[in-house]
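See below for the structure under consideration.
Since we're looking at a predicted model, the values are computed, not measured. Whatever order the structure lists them in is the order used to number ligands and atoms, beginning at 1.
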Amino acid sequence: MNHTFRKSSKVFILILMVVLSSCTTKQEASAPGNPNIVIVYLDDLGYGDVGAYGSTVLKTPNMDRLAKGGVRFTNGYASSATCTPSRYAILTGVYPWREKDARILPGTAPLLMDTEQMTLPRMLKQEGYYTGIVGKWHLGLGAGNVDWNAKISPGPNEVGFDYSYILAATQDRVPTVYIKNGYVVGLDPDDPIEVDYQKNFEGEPTGKDNPELLTMKWHHGHNNSIVNGIPRIGFMKGGKSALWKDEDMADTFLEEAQAFVRRNRDTPFFLYYAMQQPHVPRTPHPRFAGKSGLGPRGDAIVEADWCLGEFIRTLEEENLLENTLIIFSSDNGPVLNDGYYDDAEEKNGDHTPWGPFRGGKYSLFEAGTHVPFITYWQGTIQPGVSDALVCQLDLFSSIASLVGSNERIADSQEMLKTFLGESIEGRESLVIEATSRTALRKGDWVLIPPYPGPELNKMVNIELGNNKEYQLYNLKEDIGEQNNQADSNPEKLSEMIETFQEIRGVQTGVEPLELK
Ligand code: NG6
Ligand code: CA
């Protein structure tokens, strides 16, 4: 990686943020004090995976409880169709396509954010909050060549989190250990951890060469080091006593999240509870096995829903539910086969994880980024359904407004009233990203610029949104994006292209992502 370029692009983002933050529009906020703030963020949960969003096959009573008692957004977006960029955006309020390294990161990637950069936890910390992350990080750690046996820094604790208990990248990537405040949990210094994404360590088995050792088979990718019988992405050696047990991960993160709440019940706190479900490898605890009838993917969602219920119960027990704003969403849309044979496709039956939308994870079509999005604050938010166009990107400025902070990020629109259900005003437009490509949502319309590349990713069986021609869809009458109106509605097409170019700063989507 070209370090100089990375640095200069970061400096550029910082300058851009300062310059642009003076010209943001403001929605007058009603600011009812300093509640606790919890973001419950799922990994690859689709719009149609949630009962309140139309799932009949999969039962999600606790997600539904939030939806029924809060604002259920029908036009809520992750900023990206993959994990790292969405997480970058939710924590910084910056469009991920401004940062060229905001793409799916290996477990050895350096920290993506600048340690000076304004972030959601840093802003809340300035306002007196105690801030924590429990769960999936996937935003890089260290400054290159991390020594996993010493303090791992910079990481979440250097960008505004007082407390962190994380998995570094993804459940399918090494290192397969928990990291607490920069230190690998349970590490035996006599059995140091080594990680490499290029080459294996001598004598270590791999998914590719040792299929006899596998309890879960790989379908594509995922054929490097084997941990707990599961082949992973990347090579790893050592750290035996620190290796996580995949089936216990949900319980581990839940207990951490609950303990965080109990420890901090007397201070305003911010908790980013980033569950790993239903990302691959899907390893629900055995007590959830078979509960969904959909195989491990469905069972993992049932497990996540149970975790959410237990977590809410803890807030209730601590008498905090009326003083806590809960935001529930997902980092990107759903995928069935994401690299392992785990019956997700075979047992899916009539279930529609993508809801009424086309595409899925990795896609510029709606299902890539159009996700469940709920705000819940018992006693303060009046229950309802909102069709306002909102994005996770907007949480930064909106939460800043809630807690009385003057910090604003230009890309992050202040829409506190909308998030509290007091206004139906949404964004005018939003640029979404999927594997380094971008598209525009504006009003009821979607513009997908021409992109080369396959229309279908055959491995994951998802339509990516690539096409040689412009695509223009009207979601109001065509929610499944079947009727391309680019030819029949040239006026709308040019209006959309103009807006896209204005925001994106490039002529078409195929031009280089780096802003000059
Ligand atoms: C892909 C992985 C996929 C998943 C994804 C990240 C392969 C073939 N596929 O590269 O399994 O790990 O990265 O998902 O390796 S995300 O939700 O964290 O963005
Ligand atoms: Ca994800």
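Partner of Lys361 under the salt bridge (Lys or Arg N to Asp or Glu O under 4.0 Å) criterion, chosen from Asp44, Asp331, Asp49: Asp44.
At a heavy-atom cutoff of 4.0 Å, ligand 1 is contacted by the side chain of His279 but not by its backbone. Using a 4.0 Å cut-off between heavy atoms, Tyr340 makes no contact with ligand 1 at all.
Between Tyr272 and Phe270, the ring-plane angle classifies as parallel under the 30° and 60° cut-offs. Ring planes of Tyr47 and Phe357: perpendicular class, angle over 60° (limits at 30 and 60°).
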- Message: Quick one, Phe311 with Tyr273, criterion ring pair (Phe, Tyr, Trp, His ring centres under 6.0 Å). Give me CA distance, side-chain angles, the key distance, then yes/no.
- Response: CA-CA 10 Å; Phe311 179 76; Tyr273 179 13; 5.3 Å; yes
- Chi angles and distances behind the side-chain hydrogen bond (donor to acceptor under 3.5 Å, both in side chains) call for Asn157, Asp162: CA-CA 6 Å; Asn157 297 61; Asp162 292 307; over 6 Å; no
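Residue-to-ligand polar distances place Asp338 within reach of ligand 1: an N/O pair is separated by less than 3.5 Å. Residue-to-ligand polar distances place His222 within reach of ligand 1: an N/O pair is separated by less than 3.5 Å. Residue contacts with ligand 1: Thr82 is placed with no nitrogen or oxygen under 3.5 Å of a nitrogen or oxygen of the ligand (distance criterion only).
Near Ile104, meaning under 4.0 Å from one of its heavy atoms, ligand 1 places the atoms 6 (C), 13 (O), 19 (O). Short contacts between ligand 1 and Asn332, defined as distances under 4.0 Å to a heavy atom of the residue, involve ligand atoms 17 (O). If you number the atoms of ligand 1 from 1 as listed, the ones under 4.0 Å from a heavy atom of His138 come out as 18 (O). Listed by number with element, the atoms of ligand 1 under 4.0 angstrom from any heavy atom of His220 are 8 (C). Close approach of ligand 1 to Val280 is summarised as follows: ligand atoms under 4.0 Å from at least one heavy atom of the residue are 11 (O). For ligand 1, the atoms closer than 4.0 angstrom to any heavy atom of Asp172 are 3 (C), 4 (C), 11 (O), 12 (O). Near Asp43, the atoms of ligand 1 lying under 4.0 angstrom from a non-hydrogen atom of the residue are 17 (O). Near Thr170, the atoms of ligand 1 lying under 4.0 angstrom from a non-hydrogen atom of the residue are 18 (O).
The closest protein non-hydrogen atom to atom 5 (C) of ligand 1 is Tyr362 OH, 3.4 Å. Distance from atom 10 (O) of ligand 1 to its nearest protein heavy atom, with residue and atom name: Arg173 NH2, 3.2 Å. Nearest protein neighbour of atom 14 (O) of ligand 1, counting heavy atoms only, is Lys361 NZ, 2.7 Å. Atom 15 (O) of ligand 1 has its closest protein heavy atom at Ile233 CD1, 3.3 Å.
For the pair Arg441 and Tyr77, the NZ or CZ position fails the cation-pi test of under 6.0 Å to the six-membered ring centre and within 45 degrees of the ring normal. Taking the ring centre of Trp137 as origin, the terminal cationic atom of Arg87 falls outside the region bounded by 6.0 Å and 45° from the ring axis. Note that Arg232 lies outside the cation-pi zone of Trp218, set by a 6.0 Å cut-off to the ring centre and a 45° limit from the axis.
The two residues Glu433 and Thr369 make their nearest non-hydrogen contact at O-CG2, 4.0 Å.
Protein N/O/S atoms found under 3.0 Å from the Ca ion (ligand 2): Asp43 OD1, Asp44 OD1, Asp331 OD1, Asp331 OD2, Asn332 OD1.
In this structure, Lys217 places its NZ atom where more than 12 heavy-atom neighbours from other residues, nucleotides or ligands lie under 6.0 Å away. Remark: Glu212 CD is packed, more than 12 non-hydrogen atoms of other residues, nucleotides or ligands lying under 6.0 Å away.
In this structure, the ring of Phe260 has its center no less than 6.0 angstrom from the ring center of Tyr165. Aromatic pair Phe253/Tyr178: centroids less than 6.0 angstrom apart.
For Lys136, the closest heavy-atom approach to ligand 1 falls below 4.0 Å. Within the 4.0 Å heavy-atom cutoff, Trp218 does not count among the residues contacting ligand 1.
Here Arg358 pairs with Glu463 in a salt bridge; the nearest charged N to carboxylate O distance falls below 4.0 Å.
With atom 18 (O) of ligand 1 as the reference point, the heavy atom nearest to it among Gly339, Cys83, Gly221, Pro106 is part of Cys83.
Once rounded to the nearest 0.5 Å, the distance linking NZ of Lys237 with CG of Asp196 reads 12.0 Å.
The shortest side-chain heavy-atom distance between Phe500 and Thr438 falls under the 4.5 Å cut-off.
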